[in-house]
Undergrad: 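Shown below is the structure under consideration.
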Amino acid sequence: MNALADNQITGLGDVNSRHLDALESEAIHILREVAAECSNPALLFSGGKDSVVLLRLAEKAFRPGKFPFPLVHIDTGHNFAEVIEFRDRRVAELGERLIVGSVEDSIKKGTVRLRNPQTDSRNAAQAVTLLETIAEHGFDACIGGARRDEEKARAKERIFSFRDEFGQWDPKAQRPELWDLYNTRVHPGENMRVFPISNWTELDVWQYIARENLALPSIYFAHERQVIPRNGLLVPLTDLTPARDGETIETQVVRFRTVGDISCTCPVSSSAADVAAIIAETAVTQITERGATRMDDQTSEASMEKRKKAGYF
């Protein structure tokens with residue numbers, strides 16, 4: 001296949017390629033800034049597409065040496081098996097250190113309390129486990145793959161987002177970032193959340209995945225799955241998300257635009273079985289990935305901001 005045909009399939013012309021180069025350069029600069037300015041950072045890696053992109057950027061920033069930070073995953077215990085398998089395989093390939101913070105452990109300690117620990121959503125509870133993991137290891141910065149285009153609260157955040165000694169975020173008291181200069185100063189107990197791909201869009205992420213030929217968990221691509229149509233979403237049929245009285249179960253061809261806790265993450269109807277087809281779909285969609293797939297973000301317009309103020313990533 002010639003280069004022109006390949007560009008047509010992936011949606012990457014010269015202009016888009018230069019655009020991705022600029023985004024990549026900015027993200028690499030941010031990662032190196034974290035390594036230079038922070039004494040004990042960590043990179044959050046869930047196995048999702050955004051954190052997969054972060055790993056490639058970290059490789060470009062620091063290879064052939066080891067990463068100057070460990071990888072961290074806050075595991076709810078209710079994650080999709082395909083994603084956890086991919087996470088472990090990718091970490092082994094990289095030969096990097098993975099620290100897993102377990103919501104299940106927080107439940108056993110009593111710091112997380114749910115009405116029914118076996119079935120209740122553990123998504124918001126991740127904030128508690130994340131703060132416990134940060135405190136246990138003394139991290140002063142956590143690097144994550146959040147992007148401004150995902151959700152209103154995330155659109156408000158700086159690239160270096162300050163958290164106080166309680167892990168809280170105050171959207172009205174953020175540090176200025178003029179001329180790409182970042183204030184990384186923190187006192188003991190405080191920390192930074194750092195978002196190197198904050199300025200990327202979902203389309204940018206998929207085009208970068210295509211350009212770099214990055215592997216992903218299989219659930220990102222079209223497959224048959226039993227789902228329950230509910231409130232405009234397709235809820236995956238699982239032990240954690242059973243059908244309610246009067247609901248119908250359908251088998252549809254779907255894919256996941258984002259991955260997270262099973263209890264709140266839904267697929268979308270799609271026949272896109274490869275990256276090129278996903279890029280074509282993403283280019284024309286008018287609904288954000290979280291708006292189309294996250295049950296917890298539909299409880300209110302401020303639900304994400306409330307969780308972030310309490311320590312959620």
Side-chain angles (χ1 to χ4, degrees), residues 45-53 73-90 103-104 116-126 145 147 150-151 202-203 205-207 209-210 213-299 303-304:
F45 178 61
S46 65
K49 69 181 188 307
D50 300 300
S51 56
V52 166
V53 166
H73 182 216
I74 304 304
D75 187 353
T76 66
H78 290 171
N79 293 292
F80 290 96
E82 301 96 322
V83 179
I84 296 299
E85 185 277 330
F86 176 86
R87 178 202 72 184
D88 293 341
R89 175 160 43 88
R90 189 72 188 102
V103 173
E104 185 68 38
N116 188 333
Q118 301 306 314
T119 58
D120 286 357
S121 176
R122 300 182 177 186
N123 193 49
Q126 291 180 82
R147 308 186 322 269
E150 290 182 272
E151 200 275 336
E202 184 183 8
L203 183 60
V205 167
W206 280 108
Q207 290 182 329
I209 288 168
N213 194 27
L214 301 180
L216 292 171
S218 60
I219 64 174
Y220 276 111
F221 304 100
H223 58 283
E224 282 194 352
R225 185 178 291 263
Q226 287 187 305
V227 295
I228 309 155
R230 181 185 298 164
N231 299 327
L233 300 174
L234 298 178
V235 178
L237 179 65
T238 71
D239 292 341
L240 296 171
T241 51
R244 299 170 182 169
D245 290 343
E247 290 184 329
T248 59
I249 299 172
E250 302 176 1
T251 299
Q252 293 194 24
V253 177
V254 300
R255 69 178 178 88
F256 286 82
R257 289 175 66 184
T258 180
V259 297
D261 192 83
I262 290 173
S263 64
C264 64
T265 306
C266 298
V268 295
S269 179
S270 172
S271 60
D274 57 34
V275 174
I278 291 174
I279 288 173
E281 277 192 359
T282 305
V284 298
T285 188
Q286 296 182 338
I287 303 175
T288 66
E289 61 199 276
R290 295 190 70 94
T293 66
R294 290 300 184 101
M295 287 182 274
D296 54 333
D297 285 346
Q298 296 198 349
T299 56
S303 54
M304 171 64 85

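Just so it is clear, the structure is predicted and the values come from calculations on it, not from any experiment. By convention here, the first residue in the shown sequence is residue 1.
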Undergrad: With Gln226, which residues qualify under side chain to side chain donor-acceptor pair (under 3.5 Å), at least two apart?
TA: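 Side chain to side chain donor-acceptor pair (under 3.5 Å) check on Gln226 returns nothing, list empty.
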Undergrad: Can you establish whether the number of heavy atoms outside Asn116 located under 6.0 Å from its atom CG is more than 12?
TA: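 Correct, the count exceeds 12.
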Undergrad: How far does CD of Gln126 sit from CG of Asp261, to the nearest 0.5 angstrom?
TA: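 Going from the CD atom of Gln126 to the CG atom of Asp261 covers 6.5 Å.
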Undergrad: Test side-chain contact (heavy atoms from CB on, under 4.5 Å) on Arg225 and Ile219; report intermediate values, then the result.
TA: CA-CA 10 Å; Arg225 185 178 291 263; Ile219 64 174; 3.6 Å; yes
Undergrad: In Å and rounded to the nearest 0.5 Å, what is the CG to NE2 distance from Leu240 to His78?
TA: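 Between Leu240 CG and His78 NE2, I get 4.5 Å after rounding to 0.5 Å.
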Undergrad: Check whether Thr265 reaches the backbone of Val259 with its side chain - one donor and one acceptor, N or O, closer than 3.5 Å.
TA: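 Pair absent, no side-chain N/O of Thr265 close to backbone of Val259.
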Undergrad: Which distance, rounded to the nearest 0.5 Å, do you find between the OG of Ser218 and the CD of Glu85?
TA: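 So the OG of Ser218 and the CD of Glu85 are separated by 8.0 Å.
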Undergrad: When rounded to the nearest 0.5 angstrom, what is the spacing between CZ in Phe80 and CD1 in Ile262?
TA: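 Reported value, rounded in 0.5 Å steps: 5.0 Å.
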Undergrad: Rounded to the nearest 0.5 Å, how far apart are CD of Glu82 and CZ of Phe256?
TA: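 Rounded to the nearest 0.5 Å, the CD-CZ separation comes out at 8.0 Å.
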Undergrad: Which heavy atom in Cys266 sits nearest to a heavy atom in Pro236, and how many Å separate them?
TA: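 Looks like CA-CD, 4.1 Å.
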Undergrad: Could you tell me which residues satisfy side chain to side chain donor-acceptor pair (under 3.5 Å) with Thr282, sequence neighbours excluded, listed by chain and number?
TA: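 With sequence neighbours excluded, Thr282 shows a side chain to side chain donor-acceptor pair (under 3.5 Å) to no residue whatsoever.
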Undergrad: Considering all heavy atoms of both residues, which atom of Ala125 and which atom of Val103 are nearest to each other, and what is their separation?
TA: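 In this case the closest contact between Ala125 and Val103 is CB-CG1, 4.1 Å.
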Undergrad: Say whether, by atom type as modelled, one donor and one acceptor occur between the side chain of Arg230 and the main chain of Val235 under 3.5 angstrom.
TA: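 No; judged by distance alone, with no hydrogens or angles, the pair does not exist.
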Undergrad: Using side-chain heavy atoms (C-beta onward) and a distance below 4.5 Å, is Glu250 in contact with Leu234?
TA: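 Side-chain contact under 4.5 Å: no.
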Undergrad: Salt-bridged, Arg147 to Glu202, with N to O below 4.0 Å?
TA: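 No, this pair does not count.
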Undergrad: Let me confirm one number: the CG-CD1 distance from Leu203 to Ile278, rounded to the nearest 0.5 Å.
TA: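 Rounded to the nearest 0.5 Å, the CG-CD1 separation comes to 11.5 Å.
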Undergrad: Any idea which heavy atoms bring Ile249 and Ile228 closest together, and the distance?
TA: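 Minimum heavy-atom contact is CG1-CG1, 4.4 Å.
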Undergrad: Give me the ring orientation class for Tyr220 and Trp206: parallel if the planes are under 30° apart, tilted from 30 to 60°, perpendicular past 60°.
TA: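 Because their plane-to-plane angle is over 60°, the rings of Tyr220 and Trp206 count as perpendicular.
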Undergrad: Testing the basics here: between Ser121 and Ser263, what is the closest heavy-atom pair and its distance to 0.1 Å?
TA: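 Result for this residue pair: OG-OG, 2.9 Å.
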Undergrad: Shortest non-hydrogen contact from Leu237 to Pro242?
TA: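 Of all heavy-atom pairs spanning Leu237 and Pro242, the closest is CD1-CA, 4.1 Å.
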Undergrad: Go through it in stages, so that I can follow the logic: the residues are Ile209 and Lys49, the test is side-chain contact (heavy atoms from CB on, under 4.5 Å), and I'd like the CA-CA distance, side-chain angles, deciding distance and then a yes or no.
TA: CA-CA 8 Å; Ile209 288 168; Lys49 69 181 188 307; 4.0 Å; yes
Undergrad: For Val253 and His223, run side-chain contact (heavy atoms from CB on, under 4.5 Å): C-alpha distance rounded to whole Å, both residues' side-chain angles, the deciding distance at 0.1 Å, then the answer.
TA: CA-CA 5 Å; Val253 177; His223 58 283; over 6 Å; no
Undergrad: Please report the closest heavy-atom contact between Arg255 and Arg257, naming both atoms and the distance.
TA: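 Heavy atoms only, the tightest pair is NH1-CG, 3.6 Å.
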